[in-house]
Amino acid sequence: MKNMALIVQKYGGTSVGSPERILAVAEKVARRRASGDDMVVVVSAMSGETDRLISLAKSVNPQAPARELDVLISTGEQVTIALLSMALERRGCAARSYTGSQVHIRTDNSHGKARIIDIDDARVRDDLGKGRVVVIAGFQGVDEDGNITTLGRGGSDTTAVAMAAALKADECQIYTDVDGVYTTDPRIVPNARRLDRITAEEMLEMASLGAKVLQIRSVEFAGKYRVPLRVLSSFEEGPGTLITYEENEMEAPLISGIAFSRDEAKVTVRGVPDKPGIAARILGDIGSANINVDMIVQNVGADGTTDFTFTVHRGDYRQALEILKKTAGQLAAREVTGDDKIAKISVVGVGMRSHAGIASTMFKALADESINIQMISTSEIKISVIVDEKYMELGVRTLHAAFGLDKQPTAGR
Ligand code: ASP
Ligand code: MG
């Protein structure tokens, strides 16, 4: 006999994008419930709905108060929980829907990007005990004063993971429109492969670099509470990708994936005095403007001066240049230059902790294609390079092949 499990499933906007799709989700959930598992289902708003609500708000007040915006945009999910519960009931599967505040998903009060503090799971457990499927609105919670909050775009992933952590679920399954996490974006490399497993650490590096399968915060949350997390397709059967927490590094693949981002720009201050406090000063001015800095490179000093380069999001480029020109003037630096036609490519893998030579393989592969590397940075499980944006796709394809990530051709096909 099969052991009963407690499963938290999350369905994204596309998966609940129409009445037919909601019925299909109900079918899937009801079948799993009928097999004996306890089911908690977290849903997103129907696809496009959150965007529609945001633009509705803008048309009434371009500077809509964050509190009211949350009241508005949390309604998208309220629609889908009700519809899914109705669809389940129609199939004879007992279900109850709840908003975030009804199941006490307590958050801080930063509207639009609230963080979950705790969840009181009593109500959910009570329903599960009565054999009901519990359907919960993703993306939302309630602060200490009873105000509705939202968790940031893509936040339903985090609701699901938090719910799974609170309930100590056997698995948290994120159903989406892709069938798992890939070695890189298949739109750029048609040979990209679905990974059976990826460590949470790698996933975080991949996610923050643009592989937008899961909300980054949900992966952080999953890592903290070691939630067994799986990404699967709503539309095709398959094992998806399991996010893991321990990996035997000697057996891990050298590289799990290639991430990239086109939204990059770099700025350089030349000839700044080579003395204590200068880097702090330059980045201090940038930080005060709330501009995030990614890679930072400072040259070895010569003649008492040095060059200082860093990258920012392309959207912050103009502002960063302006700020730097001011700072440079005050520091008597030689000049400020910049380039917003750059891209970042990274190879990611926990395997590189225990294997040497990854960097040289990477640089050689790029050199063989005559791709010039403008900047390099490394972490324990990632090597990133900045290249001219026009070589980004070629670079990604080249590295994908160089590290053996291409799909093996299947015999007889
Ligand atoms: N509906 C929200 C969004 O579109 C949350 C989510 O789908 O996860 O961002
Ligand atoms: Mg999503």
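Every number for a ligand or one of its atoms is a count from 1 in the order of the listing.
Side-chain N or O atoms of Asp316 include none that pairs as donor or acceptor with a backbone N or O of Ile291 at under 3.5 Å.
Under 4.0 angstrom from ligand 1, there are no non-hydrogen atoms of Glu49.
Distances shorter than 4.0 angstrom occur between a heavy atom of Gly154 and an atom of ligand 1. At least one heavy atom of Gly155 sits less than 4.0 Å from an atom of ligand 1.
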Chi angles and distances behind the salt bridge (Lys or Arg N to Asp or Glu O under 4.0 Å) call for Glu49, Arg52: CA-CA 5 Å; Glu49 183 59 13; Arg52 190 186 70 87; 3.0 Å; yes
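Summarising the geometry of Asp179 relative to Arg194, their closest heavy-atom pair is O-CD, 3.1 Å, with the distance given to 0.1 Å. Contact detail for Glu202 and Ser256: the closest heavy-atom pair is OE2-OG, 2.8 Å.
Backbone and side-chain nitrogen or oxygen atoms of Asp157 are examined, and none is located within less than 3.5 angstrom of a nitrogen or oxygen of ligand 1.
Taking each of Arg153, Gln215, Lys10 in turn, the one with a heavy atom nearest to atom 4 (O) of ligand 1 proves to be Arg153.
For the pair Asp294 and Lys344, the salt-bridge criterion is met [side-chain N within less than 4.0 Å of a carboxylate O].
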